[in-house]
Amino acid sequence: MTPHESSLLTYLLMLLQLLLPLTLSYLHPPPIHVPTLVPHTPMPLLRSRFSAQTQLDFSTHCNSSCLHRGEQEAQREQLEEKLAFETLYADGSRTLTTVDVEGEEEFEGRPAQPSPRRLKPGHRRMRRQIYGADGRFNIQGDNFLLDYPFSTAVRISTGCTGVLVSQQHVLTAAHCVHDGKDYVKGARKLRVGFLIPPSINGTGDTSSKKPLIRWVRVRRTRVPKGWIQGPQEVSMDFDYALLELRWPHRRPFMRLSVAPSSDDLAGKRIHFSGFDSDRSGELVYRFCPVEEESSDLIYQHCDARPGASGSGVYGRVWDNGLERWERKVIGIFSGHQWLEIDGENRDYNVAVRITPLKFAQICYWVHGNRLDCVHD
């Protein structure tokens, strides 16, 4: 190599070092600012009557306003009212915790949510939750049931699904424990079920193809006031709840993330595993592309049936700290929604997005310390 070629190579390497960080900043989304929730002293409420019936087949109707309604359009007082939360304890007692939102001004100046998309031309659909050929897969065998990420899926005793998000917490859909007016009957002695494959269930019977379930009692349940107070079509935006187990578990859990735009998801796909009612005793996995997205909801055609509600919707999200793609929970599968656009009804399966404010709220529920709730 001549001195001239050596100098040219050195120059190119220096140029590459200068440009590579800039290039990576365009390839991966920038860090997301998360506001801080400051909780007030909990106020005692009357005991729940547990009078509601569990509604596994959850469906709502809305118009184009659903695609344009979002946190950034709401006033601070409205946000703080919706982010207040109830805590239900195992003995039936309840408290209400109001909150203040700090850092919202910076949040409003840096919108992290995607701009609502223009709906693609579509055709009328009969109401259904299976779209075309059934694209769901049964997860069977010890190697799969106990492997991450399938091992993070758990059953809720009211008939829904949940996802492990810490060593002692399960994220699920609010409608699995509360109908918007009262807690469901099954929430009085709420339990979370862990799948135990036949080969290690202690019975010695390995002929059965279906796993057993080990149930663990729930210590307390938290539900956002945005679910409890709003009309049905609005409260779907807050269809999530967090369950705290009596004892920690030993299984891997999936970390939470603020939901990025679908363009920033690996493959632009979402995934989730749940206990669909038409496949009793089986864990069912599916994935699909995001069809539409609003500030609070993810619209998609992932095949699902009642029982899958509460599943943790995840995608491969770029982790700035680890500098790699990681599976993270970015939403909670809620149910089905009819959208009426220009006089035409279109149906979607819908997941609730984890927005910056919802991330701050759920993170506080998990850690109990707002200082631990920062986003990478």
Side-chain angles (χ1 to χ4, degrees), residues 28-37 83 107 112-113 139 144-154 156 161-174 192 194-195 216 222 224 239-245 247-262 264-274 283 285-287 290 293 296 298 310-334 351-376:
H28 303 299
I32 296 174
H33 171 72
V34 175
T36 300
L37 259 65
L83 291 167
F107 166 68
Q113 303 308 305
I139 304 302
F144 293 104
L145 287 173
L146 295 180
D147 281 354
Y148 185 88
F150 306 118
S151 59
T152 66
V154 291
I156 309 300
T161 302
V163 60
L164 300 172
V165 294
S166 85
Q167 291 183 333
Q168 205 167 348
H169 295 89
V170 175
L171 190 63
T172 188
V192 169
F194 292 77
L195 287 185
V216 177
R222 282 173 163 163
D239 187 15
Y240 57 92
L242 190 79
L243 317 181
E244 181 179 334
L245 304 176
W247 302 283
H249 62 84
R250 296 182 180 180
R251 298 198 177 182
F253 58 86
M254 193 176 297
R255 294 172 60 198
L256 295 168
S257 172
V258 173
S261 166
S262 62
D264 294 325
L265 291 173
K268 300 183 180 180
R269 292 193 185 100
I270 58 171
H271 314 247
F272 59 97
S273 300
L283 179 63
Y285 163 74
R286 77 233 68 199
F287 66 92
V290 175
E293 51 190 334
D296 285 288
I298 301 172
S311 298
V313 174
Y314 64 90
R316 289 185 177 270
V317 179
W318 181 256
D319 189 303
N320 288 313
L322 300 175
E323 295 187 348
R324 67 188 184 200
W325 295 94
E326 288 280 305
R327 295 185 185 93
K328 293 185 180 181
V329 178
I330 60 171
I332 306 94
F333 180 62
S334 178
V352 179
R353 298 179 66 94
I354 296 181
T355 64
L357 283 170
K358 292 170 187 172
F359 177 91
Q361 182 188 54
I362 297 169
C363 182
Y364 173 76
W365 290 347
V366 171
H367 294 284
N369 182 353
R370 61 192 179 94
L371 299 178
D372 290 335
C373 298
V374 295
H375 197 261
D376 50 357

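- Taking OH of Tyr314 as the start and CD1 of Ile270 as the end, the distance is 10.5 Å to the nearest 0.5 Å.
- In this structure, the side chain of His249 engages the main chain of Ser166 through a donor-acceptor pair within 3.5 Å.
- Every residue two or more places apart in sequence or in another chain that forms a side chain to side chain donor-acceptor pair (under 3.5 Å) with Tyr240 is listed here: Gln361.
- The minimum heavy-atom distance linking His169 with Val366 is given by the pair CE1-O, 3.4 Å.
- The side-chain heavy atoms of Leu357 and Leu37, taken from C-beta on, include a pair separated by under 4.5 Å.
- Taking each heavy atom of Leu256 and Lys328 in turn, the nearest pair found is O-CD, 4.1 Å.
- Among residues two or more places apart in sequence or in another chain, the side chain to side chain contact (heavy atoms under 4.5 Å, CB included) test is passed with Thr161 by Phe275, Ser311.
- Distance OG1/Thr152 to CZ/Arg327: 9.5 Å, rounded to 0.5 Å.
- For the pair Ile362/Arg222, no side-chain contact is recorded, criterion being any heavy-atom separation below 4.5 Å from C-beta on.
- Annotation: side chain of Ile332 is not in contact with side chain of Val313 (no heavy-atom distance under 4.5 Å).
- Between the CG atom of Asp147 and the CZ atom of Arg251 there is a distance of 11.0 Å, given to the nearest 0.5 Å.
- Inter-residue side-chain proximity for Ser273 and Pro149 is flagged as unmet; no heavy-atom pair is nearer than 4.5 Å.
- With rounding to the nearest 0.5 Å, the separation of OH in Tyr148 from CZ in Phe253 is 9.0 Å.
- Using a 4.5 Å heavy-atom cutoff, the side chains of Trp365 and Val165 are not in contact.
- At least one donor-acceptor pair closer than 3.5 Å links the side chain of Thr355 to the backbone N or O of Lys358.
- For the residue pair Ile156 and Gly162, the shortest heavy atom distance occurs at CG1-N, 3.9 Å.
- Contact between Asp239 and Ser334 at its shortest, heavy atoms only, is OD2-OG, 2.5 Å.
- For Leu145, the side chain to side chain contact (heavy atoms under 4.5 Å, CB included) partners at least two apart in sequence or on another chain are Ile139, Leu195, Pro197, Pro211, Leu283.
- Every residue meeting the ring pair (Phe, Tyr, Trp, His ring centres under 6.0 Å) condition with Phe150, not counting sequence neighbours, appears here in chain and number order: Tyr285.
- Here the side chains of Ile330 and Val258 are not in contact, with every heavy-atom distance at 4.5 Å or above.
- Looking at heavy atoms from C-beta onward, Val154 lies out of side-chain contact with Val216 at the 4.5 angstrom threshold.
- Using a distance-only test at 3.5 Å, with no hydrogens or angles considered, no donor-acceptor pair links the side chain of Gln168 to the main chain of Glu244.
- Across every non-hydrogen atom of Arg353 and Ser261, the tightest pair is NH2-N, 4.1 Å.
- Looking at residues two or more places apart in sequence or on another chain, you find a side chain to side chain contact (heavy atoms under 4.5 Å, CB included) between Arg324 and Leu322, Glu326.
- Considering every non-hydrogen atom in both Pro252 and Ser151, the closest pair reads CG-OG, 3.4 Å.
- Considering CD1 of Ile298 and CZ of Phe333, their distance stands at 11.5 Å, rounded to 0.5 Å.
- Not a single salt bridge (Lys or Arg N to Asp or Glu O under 4.0 Å) links Arg316 to another residue, sequence neighbours left out.
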